[in-house]
Number of protein chains: 2
Amino acid sequence: MNRINLGKISFPPDDATGQAPHLPRDDNVMAFTHELGGVVTLARWERADCCDSIVANGGICWVLSGIIRKCLILESGQRRIIDVMMPGDFFCLQKDDARPFSFEVSTNETVTARIARREFDSLATLQPSLYRFFHERICQTIFRLEDHILVQGRTTSTQKVGSYLSLLCSRLTEQPGTAVVLPMSRYDIADHVGIAVETVSRAITELRRQGVIQLETPRCLVVRDAGKLADGILSDIA
Amino acid sequence: MNRINLGKISFPPDDATGQAPHLPRDDNVMAFTHELGGVVTLARWERADCCDSIVANGGICWVLSGIIRKCLILESGQRRIIDVMMPGDFFCLQKDDARPFSFEVSTNETVTARIARREFDSLATLQPSLYRFFHERICQTIFRLEDHILVQGRTTSTQKVGSYLSLLCSRLTEQPGTAVVLPMSRYDIADHVGIAVETVSRAITELRRQGVIQLETPRCLVVRDAGKLADGILSDIA
DNA sequence: CGCGGTTTTGAATTCAATCAATGACAGTGG
DNA sequence: CCACTGTCATTGATTGAATTCAAAACCGCG
């Protein structure tokens with residue numbers, strides 16, 4: 001992880017790469033990052049990188065581009081994915097955290113930002129709008145986790161996968177009905193939702209059979225019936 | 001919901017009531033509440049109250065005593081419990097929230113505090129330590145939700161119930177090995193963990209049979225083997 | 001005492017995990 | 001260029017587990 005001054009990072013163009021999914025750019029977070037200035041530590045990662053090092057000293061982290069997942073490896077050896085962070089998403093770190101979390105990079109051209117708690121506090125004391133923005137983003141993190149608790153609480157596996165894909169797609173694109181490139185494998189979905197890989201695959205097949213979704217390739221899906229996909233979890237996402 | 005000035009609320013003595021479980025008192029949160037002064041709206045509730053009204057205008061809420069659960073009633077009619085809040089726990093509210101959450105009071109003598117976002121910001125701008133404390137508590141909320149995602153992600157129902165009880169007990173008492181009065185029914189546990197009531201009951205019976213826990217009454221349990229109960233979810237809770 | 005709600009247990013069914021195998025695909029090295 | 005290898009995705013058959021349906025035991029309370 002190398003420290004880079006702000007402005008020295010060149011972000012990949014939105015429409016390029018094909019491989020990396022199209023993610024909505026969050027201008028507010030960019031502004032926030034610039035506001036904090038040179039005290040922010042940026043880091044660039046590639047797919048499958050393990051970016052545990054950002055946790056080393058605690059602090060406040062957020063994603064500027066790409067996708068990162070927060071994982072826990074259980075004693076049994078199986079991996080659980082706790083959260084998937086996309087541009088604009090914050091994740092708070094505590095060096096005295098009870099759990100040995102690990103962080104995996106899911107897409108190329110991933111850029112994270114980090115600031116020590118002490119540094120942030122001294123800046124934000126002078127400029128309380130930083131606190132307010134941070135609060136807002138932290139609440140988004142809470143909503144994300146609450147959503148996921150609802151997903152995992154569904155009864156059937158098809159409902160779990162459906163509502164999961166529904167939330168994922170609504171985060172990946174602003175225009176419903178567009179093709180979405182899934183930034184994760186079936187294994188990742190399984191480890192996030194808490195079911196077996198084969199069950200994920202069967203659920204996706206079932207949803208496709210029902211015409212709820214449509215698959216261009218295994219990784220590229222189009223939501224045909226957002227209501228049925230969400231199935232009562234969401235109330236307003238079109 | 002009636003507005004009460006700070007200091008006018010008399011909290012139940014720690015050792016009384018028998019019915020209400022013994023909850024660790026959080027002095028920091030009390031100090032925080034006093035610091036904010038008269039702008040805080042307190043409310044006292046009884047068991048089975050529906051305190052949706054606190055959500056009416058958004059803002060920041062926290063629990064001073066008792067237990068409150070955050071629920072969502074699905075279209076199918078089934079209730080999902082998203083979170084269980086105890087003294088010192090915060091829950092952020094947004095009036096433009098997409099979901100029709102509801103809040104249920106779980107114990108008598110429950111007291112909540114609420115402050116409008118605008119009011120809090122103007123106070124905290126003058127006194128940034130309020131922001132810092134609030135951040136710390138919000139992070140606790142995130143940890144709580146992450147913990148629960150791990151609980152729901154366990155494979156077998158016995159693991160789910162075991163790790164859930166483990167977390168619950170560690171929040172309800174500071175001394176491990178003590179008898180704990182569960183502040184919720186089997187139905188509540190089922191709706192929180194996402195399994196059927198009968199399965200919860202069977203899991204508890206199984207844990208008792210293994211000697212991992214011991215039941216004085218159906219609602220009062222003693223953890224005999226905390227390690228086996230947590231089963232790899234926790235790393236440090238004794 | 002009877003009543004409503006809670007907890008527990010039992011039996012049958014349904015569903016997901018597991019085991020096993022195949023196909024699709026990208027990358028590698030001959 | 002093609003076989004080889006590893007990963008990912010899908011499907012089938014079987015086993016195991018949880019839900020469902022049903023009922024009994026228990027408890028606090030009027």
Open item on the list: Expressed as a whole number of angstroms, how long is the span from B:Leu221:CG to C:dT6:P?
Closed with: 18 Å
Open item on the list: Main chain of B:Gly177, side chain of B:Arg224: is a donor-acceptor contact present, judged purely on distance under 3.5 Å?
Closed with: no
TODO: Could you state the atom-to-atom distance from CZ of A:Arg209 to C1' of D:dT11 in whole Å?
DONE: 15 Å
TODO: Look at A:Thr205 and D:dT11 and indicate whether a side-chain polar atom (N or O) is within less than 4.0 Å of OP1 or OP2.
DONE: yes
- [ ] Indicate yes or no for a side-chain donor-acceptor contact from A:Thr110 to the backbone of A:Glu46 under 3.5 Å, with no hydrogens or angles considered.
- [x] no
Open item on the list: Heavy atoms only, 4.0 Å cut-off, all strands: where does B:Ser185 land among base, sugar-phosphate and nothing?
Closed with: sugar-phosphate
TODO: Take atom CZ of B:Arg154 and atom C1' of C:dA17, then tell me their distance rounded to the nearest Å.
DONE: 16 Å
- [ ] Would you confirm whether A:Ser166, through its side chain, and A:Gly162, through its main-chain N or O, come within 3.5 Å as a donor-acceptor pair?
- [x] no
- [ ] Check whether any side-chain N or O of A:His148 sits under 3.5 Å from a backbone N or O of A:His192 as a donor-acceptor pair, and report yes or no.
- [x] yes
Task: Pairs involving residues 203-229 of chain A, ordered by first then second residue, that meet ring-ring contact (aromatic ring centres under 6.0 Å, His included) (sequence neighbours left out) - done: none
TODO: Please report, rounded to the nearest Å, how far the P atom of C:dT7 is from the CG atom of B:Asp191.
DONE: 12 Å
Open item on the list: Please report the distance, rounded to the nearest Å, between CG in B:Leu165 and P in C:dT7.
Closed with: 12 Å
Open item on the list: Using a 3.5 Å distance criterion without hydrogens, assess whether the side chain of B:Arg154 forms a donor-acceptor pair with backbone atoms of B:Asp231.
Closed with: yes
- [ ] Grab the CG-P distance between A:Asn108 and C:dA26 for me, whole Å please.
- [x] 16 Å
TODO: Nearest 0.5 Å please: distance from the OG atom of A:Ser106 over to the CE atom of A:Met184.
DONE: 5.5 Å
Task: Rounded distance (Å) that lies between atom P of C:dG4 and atom OH of B:Tyr187 - done: 15 Å
TODO: Mind calculating the distance between NZ (B:Lys160) and P (C:dA16) to the nearest angstrom?
DONE: 11 Å
Pick out the pairs of N or O atoms, protein on one side and nucleotides 16-19 of chain D on the other, that lie under 3.5 Å.
residue: D:dA18; atom: OP1; partner: B:Ser157; partner atom: N; Å: 2.7
residue: D:dA18; atom: OP1; partner: B:Ser157; partner atom: OG; Å: 3.1
residue: D:dT19; atom: OP1; partner: B:Ala196; partner atom: N; Å: 3.4
residue: D:dT19; atom: OP2; partner: B:Ala196; partner atom: N; Å: 3.4
residue: D:dT19; atom: OP2; partner: B:Thr199; partner atom: OG1; Å: 2.2

Task: Any B:Arg219 side-chain nitrogen or oxygen under 4.0 Å from OP1 or OP2 of C:dT7 - done: yes
